[in-house]
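Below is one structure, written out as structure tokens, with a few remarks after it.
Order of the sequence lines fixes the chain letters, A, B, ..., with proteins taken first and strands second; residue numbering starts at 1 for each chain.
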2 protein chains.
Amino acid sequence: MNKRQHKASLTKKKISDAAIKLFEEKGFRNVTVDEIVQITGTSKGAFYTHFKSKHEVFLNKFKEIDRYYEDVLLDIIEQEETSSNKLKVFLKLQMKYIQEDLGWDITRTIYENELDPSRESYFLMEDRPLYRILNNIFVEGQKNGEFRNDITASEMVTVCLRVMRGLLYDWSINEGSYSLEEEQELLFFTMIRGLSSN
Amino acid sequence: MNKRQHKASLTKKKISDAAIKLFEEKGFRNVTVDEIVQITGTSKGAFYTHFKSKHEVFLNKFKEIDRYYEDVLLDIIEQEETSSNKLKVFLKLQMKYIQEDLGWDITRTIYENELDPSRESYFLMEDRPLYRILNNIFVEGQKNGEFRNDITASEMVTVCLRVMRGLLYDWSINEGSYSLEEEQELLFFTMIRGLSSN
DNA sequence: TTGACAAAGAGACTACGGTCTGTAAAATAT
DNA sequence: ATATTTTACAGACCGTAGTCTCTTTGTCAA
């Protein structure tokens, strides 16, 4: 990395850090790009050379969730005996992470961003760790007879994703007014019941 | 209705009709309020006395869905024998209606609007026909032993709504690229399986 | 070393949703 | 009949996300 690139990456980090801090303090909608660039002593030009949009700033933050899946959750679920317990624990810890580390405002903003067709979608990227992990659980659960065999593992992933999104969307429009960690259980257990072989 | 109110309601209708027509032609995001008022020969002032926001214009359109539930779907599901079949038919026809009569762009816009905390939420209004109808089905299904009794009917409504929203959200971010009517089956059948008594 | 080029950034500008203020005329009170 | 208030509306104005243009300065080839 040469001198110019180095300076650029410092600028990017400076903007990103300040922006995320502001978002957490005041909520995404109450922070303006002008404010961010003013505080960081940069400019609109700098901001938009590093980020495609105001949303994108913490899309990066959100992507950390995948690292969390791979680094932390994978090890934990391996300790569970059954596939359905792996799934249960995975979903529970995921919701706990979203509730405690991301919060509803960031979640809401991500969900809003995904609805904008002019922007890149993160949810639609097929190679997310989330998708691979779920797929592995279902494949394994089918092999050992826990899950249904009349539908494919990838169909079960689809079902699971839609249910997850329904819950997170609902949590977002309710402005995080209920405990995600507690409410996930009924919904996911029902789903798992529907996906189990009998 | 006096003369002034009459003229006002004409203006409102003129704006509403033109706006919805434009939305259908060009998509919600590609229509500006300036364009709507210019075409209708009205003004920003007129627009915003009748509608709280650009979104609200077809929130009214969306609310027609409830009339559809009450007027059409209620009769149809009454012909089904079992509660779970009522639910299946209801959900299927609902998705068919959304796909064919509303379309994904309107659906997307509604879902986006709901994520804006500064706006009134339609989904959170507790007395929607949708909620009552679902509740009735679950209560009935519990009485006749089809559905689980370890959770309440209203909890089942909550589960059902979240699943529905997950599907519609997913359909929206996929820009309506798959058939809602076809894809609903796997998801809802799985859910119903999870809600059935055994 | 120097000159062409490109990357990073500064900041004026645009587009557009939404607000505010002023006004004409209809409704209502006296 | 006249005065007062209210309503529907016109359109100037504002806030903010995002774009465009221009400048600076580091990079690299000769």
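Across all strands shown, B:Lys54 has heavy atoms under 4.0 Å from sugar-phosphate atoms exclusively, and none from any base. At a threshold of 4.0 angstrom between heavy atoms, the contacts of A:Arg29 with the nucleic acid are absent. Residue-level contact check: B:Thr32 touches the backbone only, with heavy atoms under 4.0 Å from sugar-phosphate atoms and none from bases.
Between B:Val31 and B:Gln5, it is B:Val31 whose nearest contact on DNA chain C lies nearer the 5' terminus. Mapping A:Asp34 and A:Gly45 onto DNA chain D by nearest heavy atom places A:Asp34 at the nucleotide closer to the 5' end.
B:Lys13 has its NZ atom 19 Å from the C1' atom of D:dA8, to the nearest Å. Whole-Å rounding puts the B:Lys3 NZ to D:dA8 P distance at 14 Å. Nucleotide D:dC9 holds its C1' atom 14 Å from the CG atom of B:Leu10, rounded to whole Å. Whole-Å rounding puts the B:Glu56 CD to C:dG17 C1' distance at 14 Å. Put simply, NZ on A:Lys44 is 17 Å from C1' on C:dA8, counting in whole angstrom units. We find that CZ of A:Phe47 is positioned 17 Å from P of D:dC20, with the value rounded to whole Å. Straight-line distance from the OH atom of A:Tyr48 to the P atom of D:dC20: 13 Å, rounded to whole Å. Distance B:Lys26 NZ to C:dC16 P: 10 Å, rounded to the nearest Å.
In terms of phosphate contacts, A:Arg119 brings a side-chain nitrogen or oxygen within less than 4.0 Å of OP1 or OP2 of D:dG18. Contact between the side-chain N/O atoms of B:His50 and the OP1/OP2 oxygens of D:dC9 is found at a separation under 4.0 Å. Between A:Thr11 and C:dG9 there is a side-chain polar atom (N or O) within less than 4.0 angstrom of OP1 or OP2. Taking side-chain N and O atoms only, A:Arg4 has no distance below 4.0 Å to OP1 or OP2 of C:dC5.
Ion pairing between a basic and an acidic side chain is recognised when a charged N comes within 4.0 Å of a carboxylate O; A:Glu35 and A:Lys26 show such pairing. With salt bridges taken as basic N to acidic carboxylate O contacts below 4.0 Å, none links A:Arg67 and A:Asp71. Ion pairing of A:Arg132 with A:Glu70 is present here, as a side-chain N (NZ or NE/NH1/NH2) and a carboxylate O approach within less than 4.0 Å.
Counted by atom type alone, B:Tyr178 and B:Asp170 present one or more donor-acceptor pairs between their side chains at under 3.5 Å. Using modelled atom types, one finds a donor on one side chain and an acceptor on the other under 3.5 Å when comparing A:Gln94 with A:Tyr69.
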